[in-house]
Each structure stands twice: as structure tokens, then as C-alpha cells.
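Step one of this worksheet: look at the structure below.
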Amino acid sequence: MEPVRGRVIRVTFNADVHSSIQWHFQPQQSEIFVVPGETALAFYKAKNPTDKPIIGISTYNVIPFEAGQYFNKIQCFCFEEQRLNPQEEVDMPVFFYIDPEFVEDPKMAKVDLITLSYTFFEAKEGQKLALPGYQ
């Protein structure tokens, strides 16, 4: 994979929690600049401010939606249950890259901003979240 040095993309980060979970959840950086074909590392922070253990599970989306097919996560906390004990706080890494083919897609010609957004939900026993698919 060859980095495309002539193209820099600003990636911003968003964090939400569903009303079902009482966690504090936020990105540790508001944005980073990446070159398609190079890996990047970002962090989110989650804290359980309650006095009971809570298991959460997250989903994500990429905006603009069409850029999602080029946004590849190598390591991510999404779709895996995360157990936080009372008052526990953890750093959650996201290791990713933007596929170099991004620059060949005419629909991405004017895209210079991508937002990665996560939402945490409280996990319910036996609940499975569907993985997103891109056409």
C-alpha cells in the first residue's frame, strides 16, 4: 500500500451515548490529518461514573457515507462488549487507514473531511448488533 502524499484528509471524531447507558464517552482528540495509505491512531475515553458495573457496546458510522468504504479500521472497540467497573475509566484505541483508492474515486474528489462517530449502548444479555455493510 503506497501512501498518496498529495492528498491530506482531515478526520474528526464524535462520541455519543444512548440514554440506556450512563457512561461518559468522548474522543481524546478533535481531529487528525491523515494521508490515504498511511495508518493513523486515535483514542476515545470512556468512564463509568456509577457504583455498578456496566457493559457497553458501540456502533459507528462514517460521514460522508460514501467515504465509509475507504475507511478501514485495523483495531477498534466497536461491536465488542466493553465492561467498565464502578468509576473505571479506559482509553479505547482506533487504529485505521484510508484506502489509497479513495483518491481514484470521482465521488471523493471534493471530500477533504471525514467524521468518525461512535455511539455506545448498554449491552443486553444475548443482544447482537448488526455489522454495517457498504455496497
- Task: List the atom of Gln87, the atom of Pro49, and the distance in Å for their closest heavy-atom pair.
- Result: NE2-O, 2.6 Å
Which pairs would a plain distance check flag for residues 13-24, meaning a side-chain donor or acceptor within less than 3.5 Å of a matching protein atom at least two apart in sequence or in another chain?
unit_1 : atom_1 : unit_2 : atom_2 : d
Asn14  : ND2    : Asp16  : OD2    : 2.8
Asn14  : ND2    : Ser117 : OG     : 2.8
His18  : ND1    : Ser20  : N      : 3.0
His18  : ND1    : Ser20  : OG     : 3.0
Ser20  : OG     : Glu122 : N      : 3.2

- Contact list for residues 96-109, test side-chain hydrogen bond (donor to acceptor under 3.5 Å, both in side chains), sequence neighbours left out: Tyr70-Asp105
- Item | Within-4.5 Å side-chain heavy-atom neighbours: Asn85 and Asn48 | no
- Query: Can you tell if the side chain of Phe95 reaches within under 4.5 Å of the side chain of Cys76, non-hydrogen atoms only?
  - Reply: no
- Message: Side chains of Glu89 and Lys45, heavy atoms from C-beta outward: is any pair under 4.5 Å?
- Response: yes
- Message: With heavy-atom distances below 4.5 Å as the criterion, would you say the side chains of Ile54 and Leu84 are in contact?
- Response: no
- Query: Distance from Gln82 atom CD to Ile57 atom CD1, nearest 0.5 Å?
  - Reply: 8.5 Å
- Message: Just verifying a value: how many Å separate Phe102 CZ and Ile9 CD1, rounded to the nearest 0.5 Å?
- Response: 4.0 Å
- Item | Heavy-atom side-chain contact between Lys73 and Tyr60 under 4.5 Å | yes
- Within a strict 4.5 Å, meaning less than it, do heavy atoms of the Pro3 and Pro100 side chains meet? no
- Message: Quiz question: by atom type and distance under 3.5 Å, do the side chains of Thr12 and Thr115 form a donor-acceptor pair?
- Response: yes
- Item | Same cluster (ILVMFWY, side-chain, under 4.5 Å), Val103 and Val11 | yes
- Task: Would you give the length of the straight line joining atom CG of Leu116 to atom CD1 of Ile63, rounded to the nearest 0.5 angstrom?
- Result: 10.0 Å
- Query: With a 4.0 Å cut-off, would you call Lys47 and Glu88 a salt bridge?
  - Reply: no
- Does the side chain of Val111 come within less than 4.5 Å of Pro64's, by heavy atoms? yes
- Output for pair (Ile98 CD1, Met108 CE), nearest 0.5 Å, gives 10.5 Å
- Enter the distance from Phe71:CZ to Ile114:CD1 here, rounded to the nearest 0.5 Å. 6.5 Å
Show me, pair by pair, the donor-acceptor contacts under 3.5 angstrom made by side chains of residues 25-32, not counting sequence neighbours?
unit_1 : atom_1 : unit_2 : atom_2 : d
Gln28  : NE2    : Asp91  : OD1    : 2.6
Gln29  : OE1    : Phe43  : N      : 3.1
Gln29  : NE2    : Phe43  : O      : 3.0
Glu31  : OE1    : Arg10  : NH1    : 2.8

- Message: A side-chain contact here means heavy atoms from C-beta on lying under 4.5 Å apart; do Pro93 and Leu41 qualify?
- Response: yes
- Calculate, to the nearest 0.5 Å, the distance between atoms OG and CE belonging to Ser58 and Met92 respectively. 7.0 Å
- Indicate the ring-plane relationship of Tyr118 and Tyr44, choosing parallel, tilted or perpendicular according to the 30° and 60° boundaries. perpendicular
